[in-house]
Amino acid sequence: MSAASTTFPLQERDIPTHWVNLVPDLPEPPLPPLHPGTLEPAGPDDLAAIFPPAIIAQEVSGEPDVELPEQVREAYKLWRPTPLFRARRLERALDTPAHIYVKYEGVSPAGSHKPNSAVAQAYENAQAGVRKLTTETGAGQWGSSLAFACSLFGLECEVWMVGSSYDQKPYRRSMMQTWGASVHRSPSQLTDAGRAQAAHASGSLGIAISEAVEVAARDPAANYSLGSVLNHVCLHQTVIGQEAIAQLELAGEAPDVVVGCVGGGSNFAGLAFPFIRRVLRDGARTRFLAAEPAACPTLTRGAYRYDFGDTVGLTPLMPMYTLGHDFVPPPVHSGGLRYHGDSPLVSALVRAGIVEARAFRQNDAFAAALQFARTEGIVPGPEPAHAIRATVEEALAAREAGEPRVILLGLSGHGHFDLSAYDAYLAGELEDPEFSEADMDAALARLPQAPAIG
Ligand SMILES: *Cc1c(COP(=O)(O)O)cnc(C)c1O
């Protein structure tokens, strides 16, 4: 490929055959999740009420490389390999010597990275004879991804959608229904968890998770499916980073810094883990930068503690950075980043100093998103807008240093269903909430009784 190339295309045969499991390469073995009742380490059996055996095996796997089932790889061919391109126009607009490469996951049917895991989860549940999957969705990205995946493998799909997003993004609901899913506004009247949280009318991911888990746990033919946070979801997403490694090889480059946005951590993990493995195994010198919203600053301001994954406390306790399981983030437009906790694996990497985290204000993220749209054409989702902001800062730092640094940006999805947020930004009416010390103190006071860590 010539030095002037902008795109670095791969073929179907280049879709990875294995997922990258970073666990065996970590400097320390990960801490176990704890059973919510006994506070003892939760074993695979504790997950069997809501997950199929193959997914549980992936969740606790110690194998460095986990083989993709052939039917999942076949389904990936509907949109993979995804593009990697060099953002030359953005580089010029920033007058930076940095080389900015963008790995774009918005070409999937649902418009984000999330089908990478949805397809794998729907396949394994169908194999296990499950008839229905329940789940929560924030911005609607995960719900639409799972609805799409369930349609491929003949499963029913029932989705609890966070109230504020349900109101802001009616077309995401239409999309889920088009793929055959049923969609409820959360908190709903259909579950004990929803009825108990009726006062939080705008909802939160934590509440919606409680509702979906409750329904799956009481229906033997139904399982639950989570779109982020857990190890197996991070695992499924590693097709992103593996393809990016091959594409950057075509470009003859290696990244100095890898940048992604973090909600529950899965797209960041998917892009970064294959590169982090090179750092841990081969001493590659790469920085990793996780971008999050200032309104929900889990990695930069949260406590590293055991906490529940959901609001009500039905899930195992996980070791992670958390703002408290009942923290209800302000209704910012990056719905996919409104989660109180984070992937235990990503949290451990932040704790170990391998991944650096930075928080960005909503308006700053949208300013960067507009600059990106006006130079590179793609209208980004509000979530990756935070990573674009971080990329712009890195590119300006490279200019300052006079160094042609190589930046790899994970563009996790497009913003075609988020145009009401763009409207608000363009009208100068986008709110810019921040997290306060009082919020943090209140959240810490409500953390569950569990062994302290580190
Ligand atoms: C859901 C979502 C995110 C955040 O989730 P992660 O699990 O942290 O990746 C980021 N970007 C987009 C486009 C999303 O849909």
Side-chain angles (χ1 to χ4, degrees), residues 82 102-118 121 135-148 159 161-162 165 169 172 175-176 205 208-209 225-241 258-273 288-293 296-299 309 320-321 329 332-347 349-350 355 357 359-360 365 369 372 378-390 409-418 421:
T82 61
V102 181
K103 178 64 169 163
Y104 183 43
E105 290 294 309
V107 296
S108 79
S112 75
H113 64 288
K114 289 196 171 78
N116 296 332
S117 186
Q121 294 192 46
T135 197
E136 75 294 334
T137 194
Q141 285 276 19
W142 172 246
S144 39
S145 301
L146 194 68
F148 155 65
V159 182
M161 185 171 187
V162 175
S165 293
K169 298 174 197 223
R172 277 279 166 202
M175 207 173 178
M176 290 184 255
L205 272 179
I209 294 173
S225 179
L226 187 65
S228 186
V229 180
L230 298 179
N231 298 354
H232 67 271
V233 185
C234 294
L235 179 79
H236 298 152
Q237 295 295 348
T238 59
V239 288
I240 304 173
V258 175
V259 185
C261 64
V262 173
S266 74
N267 88 87
F268 180 82
L271 179 68
F273 284 6
F288 300 92
L289 182 53
E292 64 180 10
C296 189
T298 319
L299 294 173
M320 60 183 178
Y321 283 96
V332 287
H333 289 276
S334 47
L337 306 186
R338 290 181 69 229
Y339 184 60
H340 66 271
D342 250 305
S343 147
L345 292 177
V346 172
S347 294
L349 289 162
V350 169
V355 169
F360 299 92
F372 190 86
I378 295 170
V379 177
E383 296 88 358
H386 293 75
I388 295 171
R389 178 72 194 192
L409 162 66
L411 186 53
S412 49
H414 65 62
H416 298 179
F417 293 89
D418 304 284

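Because only heavy atoms are used, hydrogens play no part in the values below, and waters and symmetry mates are left out as well, while side chains stay in. Just follow the structure's listing: the first ligand is 1, and inside any ligand the first atom is 1.
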Is the backbone N or O of [Y] less than 3.5 Å from a side-chain atom of [X], with the two atoms forming a donor-acceptor pair by type?
{"X": "S117", "Y": "K114", "value": "no"}
{"X": "E136", "Y": "V162", "value": "no"}
{"X": "Y321", "Y": "V346", "value": "no"}
{"X": "E292", "Y": "T298", "value": "yes"}
{"X": "T135", "Y": "S225", "value": "yes"}

[X] touching ligand 1 at heavy-atom level, < 4.0 angstrom:
{"X": "C261", "result": "yes"}
{"X": "G265", "result": "yes"}
{"X": "H113", "result": "yes"}

In terms of atom number and element, which parts of ligand 1 are under 4.0 angstrom from non-hydrogen atoms of [X]?
{"X": "Q141", "result": "13 (C), 15 (O)"}
{"X": "G264", "result": "6 (P), 7 (O), 8 (O)"}
{"X": "V262", "result": "8 (O)"}
{"X": "G413", "result": "13 (C)"}

Write out the residue and atom name of the closest protein heavy atom to [atom], then the distance separating them to 0.1 Å.
{"atom": "atom 6 (P) of ligand 1", "answer": "S266 N, 3.4 Å"}
{"atom": "atom 13 (C) of ligand 1", "answer": "S412 OG, 3.4 Å"}
{"atom": "atom 1 (C) of ligand 1", "answer": "K114 NZ, 1.3 Å"}
{"atom": "atom 4 (C) of ligand 1", "answer": "G336 O, 3.3 Å"}
{"atom": "atom 7 (O) of ligand 1", "answer": "S228 OG, 2.4 Å"}
{"atom": "atom 9 (O) of ligand 1", "answer": "N267 ND2, 2.7 Å"}

Before signing off on this row, confirm whether [X] and ligand 1 have an N or O atom pair separated by under 3.5 Å.
{"X": "G263", "answer": "yes"}
{"X": "L337", "answer": "no"}
{"X": "E383", "answer": "no"}

Handout entry: Between N267 and E383, a side-chain donor and acceptor under 3.5 Å
Key =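 No, E383 and N267 have no side-chain donor paired with an acceptor closer than 3.5 Å.
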
Handout entry: Heavy-atom side-chain contact between S112 and S412 under 4.5 Å
Key =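 No, every pair of side-chain atoms sits at 4.5 Å or beyond.
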
Problem - Heavy-atom side-chain contact between Y339 and S228 under 4.5 Å - result: no

Exercise for the section: Give me the one residue out of L271, T82, I388, V259 that meets side chain to side chain contact (heavy atoms under 4.5 Å, CB included) with L411. Expected result: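 Answer to the side chain to side chain contact (heavy atoms under 4.5 Å, CB included) test with L411 among L271, T82, I388, V259: I388.
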
Handout entry: Minimum heavy-atom distance L299-A290, with the two atoms named
Key =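 Distance-wise, the nearest heavy atoms are CD1-CB, 4.0 Å.
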
